[in-house]
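As the structure is a computational prediction, the values presented were derived from the model and not from experiment.
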Amino acid sequence: MLDTRPGFWRDLWALIHPYWTSEEKGRAWALLLGVVGLTLALVYMEVQFNRWNNAFFNSLQNKDQRAFFQLMGRFAVLAAIYIVLYIYSVYVNQWLQIRWRRWLTDRYMREWLHERTYYRMQLTGNGTDNPDQRIAEDLKLFVESTLDLVLGGLNAVVTLFAFLAILWGLSGALEFTWSGQTYELHGYMVWVALAYALVGTWLTHKVGKHLIPLQYDQQRYEADFRYNLVRFRENMEGVALYRGEPGELEGFRARFRQVADNWWAIMKRIKLLNTFRYGYNQAAIVFPYLVTAPRYFSGKFTLGDLTQTAGAFAQVQGSLSWFINVYLLFANWKATVDRLTGFHRSVVRAQAERATNPGVATVPGQGEALTIEHVDLLLPGGRTLLADATVSVEPGARILVRGPSGAGKSTLFRAIAGIWPFGRGAVRLPHDFRALFLPQRPYFPLGTLRTALCYPALSGAFSDTQIKEVLADVGLAHLGERLDEEANWSMQLSGGEQQRVAFARALLLRPNWLFLDEATSALDEDSQAQLHDLLARRLTHSTIVSIAHRPGVSRFHQRTVELTLDQQGRGTLRSEPSGS
């Protein structure tokens, strides 16, 4: 009936159950029981309204004014109680939603970030599209929809049993003749409601089952379109310099065409589904009156009996037709579950690959030196980038790494940082390896300039005096009064200013191992010399390893490691004194 793939229920259980057995299980179950209790109370109130309905219409039929006003007063009390119960059922439901979503979000983020799983997933192509959407939006939709479906289903079951006895008693027996014999069908309205709902449910699924893959694709296309816009926003200067607006516009249009085309397919399917659903629900309004009318006109039913029977039939039929009425919600929920479980499987697979194929091993050492032992670096496709690299870096040394573009210099830094998953060999780290890597294009987190300067430390790790001092040292004294200003600093600052901020970070954090990957490429020769001289004076005990192409950088280093390419395009290492 649900058209689920193999293993769906196992994956769904793996997604749902951890929260309910976690450290928050006490609060979670208390809130859930609160919502369930309020749901049951609301069903009880529906039963009271149904009974009130009988008495009220009988008072009208009997022209009993005293009973009429008494029943109006009773209605006011029932309505007030119902409103309070409904308000708090929504409130407690939302309380549970945000707690469950917060727990799931934290879990997914920790798993995704654990041991740089996100990085391996991106490099191997083992990732899933738009992980940001899966964490930010799909988890929200999953929690809301799951609770809506579970509590809605519970409401339907309880309502069914609450009104089943009422409808059975009011229906009486239907007499009919077959082959000359008279038969009685007791509780015939119950059987009519059951048949009506079963046919409707089957037809609804027949019409609507294609919505599930369409909704899955729609979420993906929407996320792709949004990501394209975000990526453009983060690279507006490059687009402007290239005058690449026509190409960007065409890319936006192509992404949105996927959104629109899939949306049209969803519209057509929903149109068919709604045609049936609303016809089904409208017919259900008059259907019980049509079936019970003969008994009313024959005098066996009062007006109150008629309306109570119709109301009970509506409740039973509505409960049995619950799946019909939530089919659109179910289609969205199923697509969301598939996306989340797919994302989780990719994370687990990437972590398993790391365990079975860790690549270059980063081994905490006992000595003072950083040692690279017989390291082979591979590209994701398997081609060897750097072969049998062996080199040792003593503490306090100044090393320059040179070589042609594409020889593997930056990848060697990634292996030392422990993030490159492809390769063999070992990197033995010194026992106190407090390292900082400064790439060519520094990363700027969202937030204030103070946050950007202190990164990856917390923004309160350094005083204003310390921060302003290093800003002056790197030639950015004019930014000292903007520390608490929030802006997109990667757009506000030029490439050279961004690299100066990276040097300011190094001066604040004072790592004992500093790796510079073309960290002064956007600066002129004099500024480059000033910053390297500043590092030599201020970080006297730090080991500095630099990647640079400019010959002027070599005078700030004691030794050069040269990467050369052999005839097969594989890199090899050769060490020599700087300036030789």
Side-chain angles (χ1 to χ4, degrees), residues 9 12-13 15-56 71 73-107 139-169 190 193 197 308 311-330 332-333 336-337:
W9 296 110
L12 177 61
W13 177 246
L15 179 60
I16 288 178
H17 94 273
Y19 175 67
W20 302 96
T21 57
S22 71
E23 69 284 355
E24 287 204 16
K25 62 183 178 182
R27 182 68 63 86
W29 283 103
L31 289 172
L32 181 60
L33 289 175
V35 177
V36 170
L38 289 166
T39 301
L40 296 178
L42 287 170
V43 174
Y44 175 78
M45 295 303 298
E46 292 286 356
V47 173
Q48 297 307 308
F49 279 120
N50 182 262
R51 291 172 178 169
W52 175 90
N53 205 51
N54 188 327
F56 178 74
L71 288 165
R74 177 173 170 75
F75 177 83
V77 174
L78 292 174
I81 296 173
Y82 185 90
I83 290 169
V84 171
L85 290 173
Y86 180 79
I87 289 171
Y88 276 94
S89 71
V90 173
Y91 179 78
V92 177
N93 190 334
Q94 291 175 333
W95 189 357
L96 178 57
Q97 282 181 28
I98 193 61
R99 292 188 69 90
W100 190 6
R101 181 187 173 193
R102 180 178 62 188
W103 190 90
L104 275 175
T105 300
D106 183 70
R107 179 192 178 208
L139 284 176
K140 173 178 178 291
L141 292 173
F142 168 73
V143 169
E144 291 177 355
S145 301
T146 300
L147 287 175
D148 285 347
L149 289 170
V150 170
L151 294 173
L154 174 65
N155 182 282
V157 171
V158 174
T159 300
L160 174 63
F161 284 101
F163 282 92
L164 206 58
I166 297 174
L167 185 60
W168 185 279
V190 173
Q308 187 182 15
F313 180 90
Q315 294 286 357
V316 171
Q317 180 268 330
S319 299
L320 293 170
S321 304
W322 170 78
F323 187 68
I324 297 173
N325 296 320
V326 300
Y327 199 91
L328 288 177
L329 175 63
F330 170 78
N332 284 323
W333 173 81
T336 300
V337 169

Chemist: NZ of K25 to CD of E23: how many Å apart, nearest 0.5 Å?
Modeler: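 K25 atom NZ to E23 atom CD measures 10.0 Å (nearest 0.5 Å).
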
Chemist: On a heavy-atom basis, which atom in Q308 and which in N53 lie closest, and how many Å separate them?
Modeler: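 It is N-ND2, 4.1 Å.
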
Chemist: Distance-only check: which donor-acceptor pairs under 3.5 Å involve side-chain atoms of residues 150-167, not counting sequence neighbours?
Modeler:
from : atom 1 : to   : atom 2 : distance (Å)
N155 : OD1    : T159 : OG1    : 3.3
T159 : OG1    : N155 : O      : 2.7

Chemist: Out of curiosity, L141 CG to R101 CZ, how far, rounded to the nearest 0.5 Å?
Modeler: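 Rounded to the nearest 0.5 Å, the CG-CZ separation comes out at 8.5 Å.
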
Chemist: Which pairs pass side chain to side chain donor-acceptor pair (under 3.5 Å) with one or both residues in residues 140-153, sequence neighbours excluded?
Modeler: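 Residue pairs with at least one partner in residues 140-153: K140-E144, T146-W333.
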
Chemist: In terms of the angle between their ring planes, are Y88 and Y91 parallel, tilted or perpendicular, with boundaries placed at 30° and 60°?
Modeler: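 If you compare the ring of Y88 with that of Y91, the planes turn out perpendicular.
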
Chemist: Can you list everything that forms a side chain to side chain donor-acceptor pair (under 3.5 Å) with R27? Sequence neighbours excluded, please.
Modeler: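 Scan of R27 (side chain to side chain donor-acceptor pair (under 3.5 Å), adjacent residues dropped) gives none.
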
Chemist: Quick one: pull up CG in N332 and CZ in F142 and give me the separation to the nearest 0.5 Å.
Modeler: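 Here the interatomic distance stands at 14.0 Å.
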
Chemist: For Q94, what residues pass the side-chain contact (heavy atoms from CB on, under 4.5 Å) criterion, not counting sequence neighbours?
Modeler: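 Once residues adjacent in sequence are excluded, the partners of Q94 under the side-chain contact (heavy atoms from CB on, under 4.5 Å) criterion are V90.
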
Chemist: Identify each donor-acceptor pair in which a side-chain atom of residues 29-46 lies under 3.5 Å from a protein atom, sequence neighbours left out, and give them as a table.
Modeler:
from : atom 1 : to   : atom 2 : distance (Å)
W29  : NE1    : W20  : O      : 3.0
T39  : OG1    : V35  : O      : 2.8
Y44  : OH     : Q48  : NE2    : 3.4
E46  : OE1    : Q315 : NE2    : 3.3
E46  : OE2    : Y82  : OH     : 3.4

Chemist: For D106, check side chain to side chain donor-acceptor pair (under 3.5 Å) against everything at least two apart and list the hits.
Modeler: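 Listed in chain order: R110.
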
Chemist: What's the spacing between L78 CG and R51 CZ if we round to 0.5 Å?
Modeler: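 That separation rounds to 11.5 Å.
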
Chemist: Distance check, rounded to the nearest 0.5 Å: L104 atom CG versus Y19 atom OH?
Modeler: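 The OH atom of Y19 is 8.5 Å from CG of L104, to the nearest 0.5 Å.
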
Chemist: First locate atom CZ of F56, then atom CZ of R74, and finally report the distance between them rounded to the nearest 0.5 Å.
Modeler: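 One gets 13.5 Å once the value is rounded to the nearest 0.5 Å.
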
Chemist: Side chains of L149 and W322, heavy atoms from C-beta outward: is any pair under 4.5 Å?
Modeler: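 Yes - at least one pair of side-chain heavy atoms lies under 4.5 Å apart.
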
